[in-house]
Structure formats: structure tokens, C-alpha cells
**Student:** 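Sharing a structure with you now.
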Amino acid sequence: MKMLINVPETVVADALRGLAASHPELIVDVENRVIVRRDAPVEGKVALVSGGGSGHEPLHGGFVGRGMLDAACPGEVFTSPVPDQMVRAAAAVDSGKGVLFVVKNYTGDVLNFDMAAELAEDEGIQVAKVLVSDDVAVDDSLYTAGRRGTGATLFVEKIAGAAAEEGAPLERVESIARRVNDLSSSFGVALSACSTPAKGGPTFDLPAGELELGVGIHGEPGRERRAMMTSREIADYAVDVVVADLRPDSPVLLLVNGAGATPQLELYGFAAEVHRALGERQVAVARTLVGNYVTSLDMAGASITLCQVDEDLLRLWDAPVRTVGLRWGD
Amino acid sequence: MKMLINVPETVVADALRGLAASHPELIVDVENRVIVRRDAPVEGKVALVSGGGSGHEPLHGGFVGRGMLDAACPGEVFTSPVPDQMVRAAAAVDSGKGVLFVVKNYTGDVLNFDMAAELAEDEGIQVAKVLVSDDVAVDDSLYTAGRRGTGATLFVEKIAGAAAEEGAPLERVESIARRVNDLSSSFGVALSACSTPAKGGPTFDLPAGELELGVGIHGEPGRERRAMMTSREIADYAVDVVVADLRPDSPVLLLVNGAGATPQLELYGFAAEVHRALGERQVAVARTLVGNYVTSLDMAGASITLCQVDEDLLRLWDAPVRTVGLRWGD
Amino acid sequence: MSSSEPAVDDVLDTPFFLRWLIAAAGSVDREAARLTDLDSAIGDADHGTNMQRGFAAVAEALEKEPPGSPGAALVLAGRQLISKVGGASGPLYGTLLRRAGKALGDAEQVTPRQLADALRAGVDAVAQLGGATPGDKTMLDALLPAVEALGAGAGSFPAAAEAAEKGALATVPMQARKGRASYLGERSVGHQDPGATSSALIIAALAEAAR
Amino acid sequence: MSSSEPAVDDVLDTPFFLRWLIAAAGSVDREAARLTDLDSAIGDADHGTNMQRGFAAVAEALEKEPPGSPGAALVLAGRQLISKVGGASGPLYGTLLRRAGKALGDAEQVTPRQLADALRAGVDAVAQLGGATPGDKTMLDALLPAVEALGAGAGSFPAAAEAAEKGALATVPMQARKGRASYLGERSVGHQDPGATSSALIIAALAEAAR
Ligand SMILES: Nc1ncnc2c1ncn2[C@@H]1O[C@H](COP(=O)(O)OP(=O)(O)O)[C@@H](O)[C@H]1O
Ligand SMILES: Nc1ncnc2c1ncn2[C@@H]1O[C@H](COP(=O)(O)OP(=O)(O)O)[C@@H](O)[C@H]1O
Ligand SMILES: [Mg+2]
Ligand SMILES: [Mg+2]
Ligand SMILES: [Mg+2]
Ligand SMILES: [Mg+2]
């Protein structure tokens, strides 16, 4: 498996050097692996810190900036970051109003952020946490680690980030973040496995004529494998699953997310089918975002995320955001 | 080769339906294949129209909007659009101040835009043309069709688009566009071939341990094949070639462009090496853009484009832009 | 003299031209994968689908608005190619047929000699539009020998077909100097030009139409 | 009784603990690819590199700031794992060693029984932190039998190693209920748990250190 890298060991550090060189509006601490918005801490503002394994870019580092995250902590590829990073990030961005940790629900992320929260609180930083758990492909039962956090992370970070930017106190930022998560559902498919630099090849085998339904963003195997389906069939399957879970009764935000190696041309064609499928099920779409936002290295495939919104959430979604990966408003 | 599509024949139309459903700020004529900004024609403004084969998204349709293109005409995959599209686009966006056609230098694009220019002029529309020809991998001699248009297209469309938005007359918009092209050079590498829907598989064979140096954005074979190189080596090679061609004596805009399937993590690592290589050659970088902007479907690989800028061009680069693919300023 | 070798004074009517264009559409459709494969080696793997799409549109248009003369048939076909194909081949083949059609005017019947002259005018227009000369490894390398054979052979379609086929084969050792294949420099040597190959199909369809 | 089967009243000094941790680092390094492959089947293909990175940091830290007691060695190692590994295994293994180290206090020498009790406390902390119970197909399924064997066998390291190895093998038919493998439901059956496998390596290193 050819990769545009030097050696697997330096992949994350190399990417951080590139981020630093390319985006002077960010403070990138390459050694300690923390990405911070340049104007942090922002006086009087609750700070948002997130992080997770690398390989999902632009998540999370690409979402650092006004209206979204104050800091991000990238771990090794597909490996949650360590508490030291999170504590350092929290200390760098806390203005005294407290910090919200946005944590994707994976055992590693949860354990490390939990430890970090304890340590940060020891340093006098007020910390709240929100777990993102939107992936309906996983049974949410006593017999699993619970639903995985995937595309809804973007919705949580954007909307809670906007609330924080407006001056909302920690409790409200936290409750909005939780609400966005509760109102979101996702489902993803893989047409190919992803390859991690350390492994140097595909992390799972996907036969030539098959696709993986319900794949995770680290290439975790999904619900089932099937013979390859058309864009239309995949959209119907994914929309059915997500809508059955969410049962939205007001308009939704729609994320049509590329896994990393699916061409934008295909992704927009898929978006057309998702819009059709939602329309046929009487789900109104308030806003659509199409692109590679929560990726899985070089995986081919896509996921959809719906978030049911009311006027307040929609206003926060539309609020200005100025990050490397997401940018609108003034 | 698995693709997230229905059938190869409808790939472009499907993507346009998705674009229409996802971006109400665009007028998308799916049947006639023209994408127009919603407020066109803009009173008193020179209009920019571009287009080319599909498969390079977000180029060109993703660059339609305030501060960049007024309209785009997507052709079939890797096939230049037809004159009818261009004439229709020109008629839709001309405010009476004339239209600039931004044409990537490929025989098909040149011939079709030439025919369109004649037809549009017959309809009373004033038309100017700029050819983008920045790819240093191709000998610019009597024995070739000349340099290919690649990454510099983004620079030309952004900077000339900003000039048009400022109210510059057609002649000036055209001369700025030409200047940007003259001041730009690009070089690309492929780690894998791309697969077109019609062919259903890779358009060329690239052995497992090799990379293609100087590849074109349609998978045209490049200068040479070599055993796989590191990110650092590729950056040195590409920067050498581009700097030798451009010999910049003032700061440059740098585009580190992904071919489509290269993970952003790798692309930023490559950006780090490109910055290093430029620094070692005393080339100052004024602005950097990293991402999948001028893609080749699912090709793995990257290209770099430099554009030497003065204060005027830099100001136009920094001017607000509000498109699906590129967005900043207010 | 067999029916496929028309004499100079044979006349070619509108149905003959329709048969020609439909036969061309059929062989382009049958050979699409081969054309795309050739284009995949030295181009961008779309020549087959381009020609298929274009000639399908030609066939549909001829059916929808049946032309009243040979010239009108070629002009209509040329316009369809320009409107539907894109790429390099669309404007070039479109110009070939449009120009040839215009040269025929609105005569209801034309002689093989008139057809040869009209195609000659079309090929000249292609050369002017694309700026290619013989030996550049383009469609011209099949078209030029074909129209020359047609002129010299007093309108012998099989001779034209043979000349086009030979011309297409002769592009194999050439180095491309026009179009996308020119980017390859020496690496274009050893491959047959896709456009010359489709030209040979179109010329061969003349003989089919005459049978 | 061979030297690798210490009696209850044998004492384990700081060098023993250093040997243990270095031996663990060595076998984790040698077996990294296997651990990653196991994790690739039911997880995210990083367990080998995680452990490798973590124990390399442990070895480096032990070299840089040589600890003064067995407890300090384990606490230092645990802290390194927490600071360097990430993922699920970092906090869990980090907690195991830190808690065990704290249980040992700052005694300069400890008995195998004390070590058994300290590891028992560490394993309990892992169970509490991760919320797993035996049979959930996690590292606990190797660690618990190991500390039990260690306690019962009066500090027999080979017995502990054997119990850990058997525990790791016993995860094969289990369905995962914790961690990333739990997402697979029934599809997790038939694969050996990577964390249980690395636990067996770490426990086996005890016997190596004792030799
Ligand atoms: N300048 C030119 N003059 C004549 N024929 C040309 C020229 N450029 C390209 N061609 C012909 O066009 C063919 C390629 O057509 P096609 O693949 O449909 O278009 P594109 O190259 O735009 O993808 C070539 O094989 C060649 O025969
Ligand atoms: N809740 C848990 N309790 C105990 N052990 C666990 C738990 N979750 C995961 N593990 C162990 O961690 C191992 C995976 O470690 P690793 O691959 O390094 O982390 P990650 O799963 O975050 O990628 C699993 O094989 C399992 O043994
Ligand atoms: Mg992991
Ligand atoms: Mg083409
Ligand atoms: Mg072609
Ligand atoms: Mg793992």
C-alpha cells in the first residue's frame, strides 16, 4: 500500500507541521499535539475542546476556530489522544468560564477524557463532558460499548460552539451539545477498507463485489456485508435505518459525508439519492452539507447523519464559523 | 471497481441533482448542465464562465458564487463540455459587460470554448478567453498541445473573479487572469491510477511499488515512473521542478492539492515537506491552501501549484469569496 | 463492377447518406470499448463513450427530423456531434461533417466525386481547426489517405476504407504531436491513435452503406 | 524448586521489577505485528503499535529516571502508559501498573505474595475503570486468572503465565461485550482478544525476569 508519507511513526507529527505552516491562524503545538485557536482564551467564553484518533481529518483540528472548537487534541492514527494533551488544551483555552469536552463514544476516548477531566479539575478548571453516540449501526445495549460517535460530532461541535460564542454558560453549552447528540443519527457504508500507515495495508478484507453496511469510522466491521448496491439502493437502506431511529417530526440538518476516497462527483450523486429518499419519507431537509468531514483515511464509502433541529438549533447552525474545515457567515 | 453510483451514464446528471438539492444558493440546470450563481447576471459586473470535464470537483461547479465564477459547465467525465452549454451559461450571466471564458489548455476544451465564443459573439455577447497552462510536466513546445491546465485554474478563477467583483472591466479581468496564469506553475504525482465510471476500472496501470511523476489530472501518464518515494523526496522533486520553471522572486501562493483519494492527514504531512523544501530554496509563501480542489476522481496523489504574487494579486486573493468549495471573507 | 464500387456517375441519394451515418453509429457502438481502451493507453479513456454518445444522438436526430438532402443530413449530423460529444473529437468530427455537408449544398443527389470533394473540404477544415498535419498521430492520418483514395479511385468506397484502415495502423509507430497523447512524448509511440481508429470505422461504413 | 519459581519468602527487589518491565517491553515489541493483526480482525488495527509505543516510553523513562523502589517503578511505568498510549489500553494498563505500584508503597523489596496482592488491586482497578466482567472478551480474561494463579500458587510466575495464556486463548469463543470489538456482536466470536493477548505477554515476562 503506497502512502504519501515519510515513515508511519511520524505521520501525525508531519501533518501537524503542515497544519502549522499552512494556517497561521492556528497555534499548533507539534510536540505536545495540541491545536489551539490563536485568540484563546476568549474572555468570558466557555471553551470547547475535542480530540480523538487521527485519520478523520478535518475532524477535529480542522474545526478549531471562531464559532466551533477552541482546541483539539489529535491522537495517533485511530487511537484516542492521551490525558496530557487534553489537560494542556483545557488550560490553554479556559477563560475561567469552564471547558466542555466533546468526546466521541469509544472506550479509549471516554477513558482518556475522563482521566483528563479529573486532572483538569485538580488544576481548578471547570469541566463538563458530552458523549457523541450517533451511529445507529451499533446496538445500544448492555452488551456493547454503546453507539459510536461519528458524523454527529460535527453537528455537536458546530452548534455547541456557536452557543459558546454567543456567551452561553457552561451548563447551557453542555445541554445544547447533549441535545444535538440526542437528536442525531448516522449510518455509514464502506466500499473499500481503509489502510493505516502502521499496518501498511487494509485493516479488513472486503471482497471485490461486496460492500460493508454499517461500517465504523475506524473501519470497524458493520452490520452485514452484501453484494454491491447502487447509490439509490444504499441511500434507501441508510435513510430507512436512520429515519426509523430518529423519527424526525421537524426539519433536519443533513450531512452527506465522504469516507475519504470517494470522489466528490459520486458523493453528490449519492446526496441526490439521499434527498430523494428523505423526500419520499416526508422528511424535510433544512440544510445540507456534502463533503469529506469525518473521514476514515483512504476508505471509499459514505455516511449520512441527520440532526433534527428547531429554530434555535438552526440559528446556531447558521451562525458564523471560521475554521479550516468549515467556514461561513461573516 | 466499486463506485457509489447508479449507472455510469447518469453520473454527471446525478451529481448535478445532488448539487441542486444541497445548495439552494446555486441555480443548477440539470438538463442543460449549467451551474449559475443565483444573483446572476450581476449588474455592471464582468462575468466569469468556466467548465471542463467532470471528475475534478469541486472544480468548476464548486467555485461558482460571489467573488469567483458566475457559471460553470460540467462536461462528461474527463470530457470537455460542448459549446451549447457555454453559450447558454454566457447568456445567463452576461450583464452587458462581457464574459471571460476560463479554459484549461486541453485540445477539447480549447476547441469547444472557441466555438462557443463565436456563437456567443453572434448573439451579441462580448467574450474574452484565457487559457490556463501551468503544468510544467509537459513540454511546452511545437510538438505538444502545450502545457496542461491544472491547479492554477483555481488561482485564475479566484483572482480574476475578485477583480470582476470589484468592477474591473473585461480587458482588465482578462489581463489579470492571463497574468496569474503566467505567474503559475504546477507539478503532480500519482500513487494510484483513477477509475472512470465508463471504463469501470483504472485508466492506466501503475505497478504496486511505483509512482507516476508528472501525471495529468485525467490520469495522463507523466514524465517518468519511479520506485515509490517518501513524502520528503516527492516534495523536493516537485518543488525543484516548479521553482526552476517559475523562478519566483516575490512571495507565492501555494496550493497543495489532493488528487482525490489521498487522506487529508497525508496531504498535510506533504504540505509540511513542501513548505520545508520551499524554505530551503528561499521561496517565501504568502498563503497556503491545502485540500482536494482540482481532483482526478479517486486518484491517490497530490500536486503543488505556486503563483507568484504582488500586493495587488494578494489583495485580490484575500478578497471575500463565497462558493461551495472556497469560502472566506465576509 | 460490384454495387459496392460505384462508378463516377452513380448517384448517392439521401437514403444512402442515412444508411452511412446509421452504419457508422452501429460500428462505433460495437467498437466503443476498443476505442476507449486505445484512448486509455495514450489519452483519458473516453473516446469510445464520446463517439457512442455522439453517434447515438446523430441517429436519433436523423430519425426525428429526417433531412431532405445529403448535405442536410451531414450538417445535421455534424451539429449533433458538436452539441453532444465535447472533448477534442466532438468539434473535429462535427466540423468534418458540417463542412462536407455545406459543400454538398442542397442537391438531392450527389455523385461519388462530389462526395469525395466535400469530404476533402471537411478534412481540410479539420486540419485547420486542430492545426494537425499528417504524421501527428491524429484522426487526420486516417482521414487524409481515405479522401485521397476516394478522389483518386473515382469514388471507390472499399479503397477508401482500406486506405483509412492502413492510415490508422500507420499511427502505431508515430509520436503524437497534437491532442492529449502529445503529453506523452516518446511514450506515445507503439499505440494506435483512437481518433484514427474511429475515422477508419466511419469511412468503412461508407462501403457498408453502398452494399 | 527452580529459580523461576520463587518461594513465598523470596524477595523481589527493584532490579527484578526493571527486568520485568524491560522484558515486557521486549516481547510487546517482538509481538507487535501479531497484536495489531488480532486488533485488525475485531478492532482498529492499532493495539500492537499502541503497546510498542507505550512500553518503549516505559523503558526509556526507567533508564532516564531510575526508580528507587518496586512501587515507584510500577507507578512510573503506569504514568508513562497513560501519557503515551491513548486508546483503551493506555488508561487500562496504566491504571493496572499505577494502582499495583501504589499498593506496594515505597518498600525496597517485596515478596511474591505482596506482588500478587498488588496486582490483584491493579486488576480490580482495571475492572472498575473499564466496567468489564470476566467473559467480556477483554484483557481481564487473561489478567484475572493470572493474579488468581499468582495468589494461589504462592507466587509461581510460570503458573501465572500459563493461566494468562490459557485465559487469552479462552477469549476466542467469547462474544465481546466491552471495547471496540463489542460493535461486532456475534462476529467477534472466533477471534482472540488483542488485549488479553498482550496481557499474557506481560505476565509471561514475570517469569522471564525471575530467571
Ligand atoms: N489537434 C487535433 N487535430 C486532429 N485530431 C485530433 C487533435 N487532437 C486530438 N485529435 C484526435 O482526437 C482523438 C481523441 O478524441 P477524444 O478522446 O474523444 O477527445 P479527448 O482527447 O478530448 O479526450 C485523438 O485520438 C486524435 O485522433
Ligand atoms: N472496557 C474494557 N475493559 C477492559 N479491557 C478493555 C476494555 N475495552 C477494551 N479493552 C481491551 O483493550 C484492548 C484494545 O486495546 P487498543 O487496541 O490498544 O485500544 P482501542 O480499542 O482504543 O484501539 C481490547 O482488546 C481489550 O482487551
Ligand atoms: Mg484505537
Ligand atoms: Mg476527454
Ligand atoms: Mg479522450
Ligand atoms: Mg485498537
Side-chain angles (χ1 to χ4, degrees), chain A residues 8-9 33 51-53 55 73-85 106-116 119 135 137-139 141-148 193-205 214-225 296, chain D residues 32-33 35-37 39-54 56-57 78-95 98 126 128-133 135-139 175-188 191 195:
Chain A
E9 290 72 23
R33 305 202 169 180
C73 314
E76 285 296 321
V77 171
F78 289 177
T79 302
S80 103
V82 297
D84 309 40
Q85 291 170 270
Y106 299 94
T107 305
D109 297 73
V110 171
L111 295 180
N112 284 283
F113 269 104
D114 278 355
M115 289 197 165
L119 294 168
D135 188 346
V138 171
D139 270 345
S141 75
L142 282 176
Y143 304 108
T144 70
R147 284 191 174 173
R148 298 177 289 225
C194 49
S195 298
T196 61
K199 192 163 159 78
T203 61
F204 63 97
D205 291 323
V215 76
I217 61 171
H218 310 87
E220 299 99 330
R223 290 183 160 196
E224 55 167 328
R225 265 174 205 186
S296 304
Chain D
L35 295 175
T36 287
D37 282 347
D39 196 29
S40 158
I42 56 171
D44 58 349
D46 64 357
H47 190 58
T49 37
N50 285 349
M51 297 301 287
Q52 213 172 11
R53 183 174 64 250
R79 201 162 7 93
Q80 284 300 314
L81 293 180
I82 291 173
S83 292
K84 295 291 156 53
V85 177
S89 54
L92 291 168
Y93 277 127
T95 296
R98 252 170 63 95
V126 167
Q128 210 198 326
L129 180 63
T133 51
D136 283 356
K137 194 177 186 116
T138 70
M139 56 175 68
Q175 176 169 336
R177 279 195 292 258
K178 284 285 175 246
R180 204 176 289 280
S182 71
Y183 305 138
L184 276 77
E186 292 173 4
R187 292 167 76 185
S188 65
H191 300 274

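Letters A, B, ... mirror the listed sequences (proteins, then strands); counts begin at 1.
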**Student:** I need the residue from D:Ser182, D:Ala88, D:Gly87 with the largest number of non-hydrogen atom pairs under 4.5 Å to chain A.
**Tutor:** D:Gly87

**Student:** When heavy-atom pairs shorter than 4.5 Å are enumerated against chain D, which of A:Thr203, A:Thr107, A:Asn112 gives the highest number?
**Tutor:** A:Asn112

**Student:** With only heavy atoms counted, which part of D:Ala176 is less than 4.5 Å from chain A, the side chain, the backbone, both or neither?
**Tutor:** backbone

**Student:** Heavy atoms only: give me the nearest A:Glu220-D:Arg180 pair and the separation to one decimal.
**Tutor:** OE2-NH1, 2.9 Å

**Student:** Using a cut-off of under 4.5 Å for heavy-atom pairs, which of D:Thr36, D:Asn50, D:Ile42, D:Asp39 has the most such pairs with chain A?
**Tutor:** D:Asn50

**Student:** What is the distance from atom CG of A:Leu111 to atom OG1 of D:Thr95, rounded to the nearest 0.5 Å?
**Tutor:** 8.0 Å

**Student:** Could you report the tightest heavy-atom contact between A:Ala198 and D:Thr49, atom names first, then the distance?
**Tutor:** CB-CG2, 3.6 Å

**Student:** Is any side-chain heavy atom of A:Lys199 less than 4.5 Å from a side-chain heavy atom of D:Asp37?
**Tutor:** yes

**Student:** How about CD on D:Gln128, more than 12 heavy atoms from neighbouring residues, nucleotides or ligands closer than 6.0 Å, or not?
**Tutor:** no

**Student:** So which of A:Ser80, A:Pro202, A:Pro81 has the biggest tally of heavy-atom pairs under 4.5 Å with chain D?
**Tutor:** A:Ser80

**Student:** Please say whether more than 12 non-hydrogen atoms of neighbouring residues, nucleotides or ligands are located less than 6.0 Å from CZ in D:Arg98.
**Tutor:** no

**Student:** Heavy-atom distances under 4.5 Å only: say whether D:Leu129 touches chain A with side chain, backbone, both or neither.
**Tutor:** both

**Student:** Is A:Asp84 in contact with chain D via its backbone, its side chain, both, or neither, using a 4.5 Å heavy-atom distance?
**Tutor:** side chain

**Student:** Is A:Val77 close to chain D through its backbone or its side chain, or both, or neither, when contacts mean heavy atoms under 4.5 Å?
**Tutor:** backbone

**Student:** Minimum heavy-atom separation for A:Gly146 and D:Tyr183, please, with both atom names.
**Tutor:** O-CE2, 3.3 Å

**Student:** For chain D, which of A:Pro8, A:Pro83, A:Gly52, A:Gly75 has the most heavy-atom pairs under 4.5 Å?
**Tutor:** A:Pro83

**Student:** Heavy-atom pairs under 4.5 Å with chain D - which of A:Gly53, A:Gly222, A:Gly219 has more of them than the others?
**Tutor:** A:Gly222

**Student:** Carefully, step by step, assess A:His218 and D:Asp46 under the rule side chain to side chain contact (heavy atoms under 4.5 Å, CB included).
**Tutor:** CA-CA 10 Å; A:His218 310 87; D:Asp46 64 357; over 6 Å; no

**Student:** Measure the spacing between CZ of D:Arg187 and CD of A:Glu224 and express it to the nearest 0.5 Å.
**Tutor:** 8.5 Å

